[in-house]
Amino acid sequence: MSTVTQDLLLSVEGEEKKLNAKHIHCKVCSSLVLLPGKGQLINKPTELPQVSVKASTAGSPNVQLDEVSDFWLVHGMFTFENVGFSNAVNGIKYLLCADCEQGPIGWCLDANRELLYISHNRVVYK
């Protein structure tokens, strides 16, 4: 698992927040997902279905899960440049690239779509 390096963090004077310093893109099609300064780095250990699992099967017992810890916390779905959402699976909506549908790249609770999480190691930076 990769860790977040200092070159990916934006220093905000007087604040303890660790914001993304670079554009966040889809690993597959390079579509822009999030602009710099829009995501706050947090550590939130979570199990996500492996990449490329169809959203409709994400809740089935046979789906392999990955333990993911480092996320970019994004406030509000309109903060994104390009992201799609799965149907709710066990109260969770998975986030994916809206252009190529690669994912899941993150998640949010169906009941609270104001707090969205993008996995650090499922995207690329430019």
Side-chain angles (χ1 to χ4, degrees):
M1 177 184 284
S2 62
T3 58
V4 178
T5 57
Q6 284 300 109
D7 66 318
L8 297 178
L9 298 176
L10 179 67
S11 302
V12 179
E13 194 171 323
E15 292 190 33
E16 302 251 344
K17 293 180 183 178
K18 297 178 181 177
L19 303 177
N20 62 303
K22 296 186 177 188
H23 292 84
I24 295 177
H25 293 263
C26 173
K27 276 187 173 180
V28 174
C29 72
S30 295
S31 182
L32 178 61
V33 175
L34 193 66
L35 293 172
K38 300 294 183 178
Q40 179 184 348
L41 182 66
I42 63 164
N43 184 279
K44 186 175 183 73
T46 305
E47 288 186 332
L48 286 181
Q50 288 184 341
V51 175
S52 296
V53 171
K54 289 196 177 282
S56 60
T57 61
S60 85
N62 298 329
V63 170
Q64 296 291 326
L65 300 173
D66 291 332
E67 181 73 28
V68 182
S69 298
D70 293 326
F71 288 92
W72 297 107
L73 172 61
V74 179
H75 294 276
M77 65 181 157
F78 296 112
T79 305
F80 291 100
E81 297 301 305
N82 180 24
V83 75
F85 295 84
S86 73
N87 291 326
V89 177
N90 298 327
I92 296 173
K93 283 191 172 275
Y94 294 103
L95 282 60
L96 49 115
C97 174
D99 284 343
C100 71
E101 298 184 358
Q102 176 72 16
I105 61 170
W107 65 279
C108 70
L109 293 175
D110 189 33
N112 182 2
R113 294 186 210 158
E114 289 303 310
L115 300 176
L116 304 109
Y117 303 89
I118 295 290
S119 171
H120 155 66
N121 62 355
R122 294 192 178 191
V123 293
V124 295
Y125 304 88
K126 296 182 183 180

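- Judged purely by atom type and a 3.5 angstrom limit, S31 has no side-chain atom pairing as donor or acceptor with the backbone of C29.
- A donor-acceptor pair under 3.5 Å links the side-chain atoms of K93 to the main chain of S86, judged by distance alone.
- When hydrophobic clusters are built by joining Ile, Leu, Val, Met, Phe, Trp and Tyr residues whose side-chain heavy atoms come closer than 4.5 Å, directly or via intermediates, F85 is not grouped with V28.
- To the nearest 0.5 Å, atoms CG (D110) and CG (N90) are separated by 11.0 Å.
- Within the 4.5 Å cutoff, the side chain of R122 has heavy atoms near those of the V51 side chain.
- Residue R113 holds its CZ atom at 6.0 Å from CE of M77, rounded to the nearest 0.5 Å.
- V83 has its side chain out of reach of L96: every pair of non-hydrogen atoms, C-beta onward, lies at least 4.5 Å apart.
- Separating the CD atom in E101 from the SG atom in C26 is a distance of 11.0 Å, to the nearest 0.5 Å.
- For W107 and Y117, the ring centers sit closer than 6.0 Å to each other.
- Taking hydrophobic clusters as Ile, Leu, Val, Met, Phe, Trp and Tyr residues chained together by side-chain heavy-atom distances below 4.5 Å, L48 shares a cluster with I42.
- The CG atom of N87 lies 14.0 Å from the CD1 atom of I92; values are rounded to the nearest 0.5 Å.
- In terms of hydrophobic clustering, with Ile, Leu, Val, Met, Phe, Trp and Tyr side chains grouped at heavy-atom distances under 4.5 Å, F78 and V33 are assigned to a common cluster.
- One finds the NZ atom of K126 at 9.5 Å from the CG atom of L32 (value rounded to the nearest 0.5 Å).
- The two residues L65 and E47 have their closest heavy-atom pair at CD1-OE1, 3.3 Å.
- Summarising the geometry of N82 relative to C97, their closest heavy-atom pair is ND2-SG, 4.1 Å, with the distance given to 0.1 Å.
- Residues W72 and G39 approach most closely at CE3-O, 3.5 Å, considering heavy atoms.
- In this structure, I24 CD1 and H120 NE2 are separated by 9.5 Å, a value rounded to the nearest 0.5 Å.
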Applying side-chain contact (heavy atoms from CB on, under 4.5 Å), run through L116 and L73 and close with a yes or a no.
CA-CA 6 Å; L116 304 109; L73 172 61; over 6 Å; no
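- Contact annotation: the side chain of N20 never approaches that of L41 to less than 4.5 Å [non-hydrogen atoms, C-beta and beyond].
- Heavy atoms only, all atoms of each residue included: S119 and V123 are closest at O-CG2, 3.6 Å.
- Checked by atom type, the side-chain pair D70/N121 shows no donor-acceptor distance below 3.5 Å.
- For G37 against L19, the heavy-atom pair with the smallest separation is O-CD1, 3.9 Å.
- A heavy-atom distance below 4.5 Å is not found between the side chains of L115 and L109.
- Here the side chains of S69 and K44 are not in contact, with every heavy-atom distance at 4.5 Å or above.
- The shortest heavy-atom contact between S30 and H25 is O-ND1, 2.8 Å.
- Using a 4.5 Å cut-off on side-chain heavy atoms (C-beta onward), H23 and P36 make contact.
- The shortest distance between side-chain heavy atoms of I118 and F80 falls below 4.5 Å.
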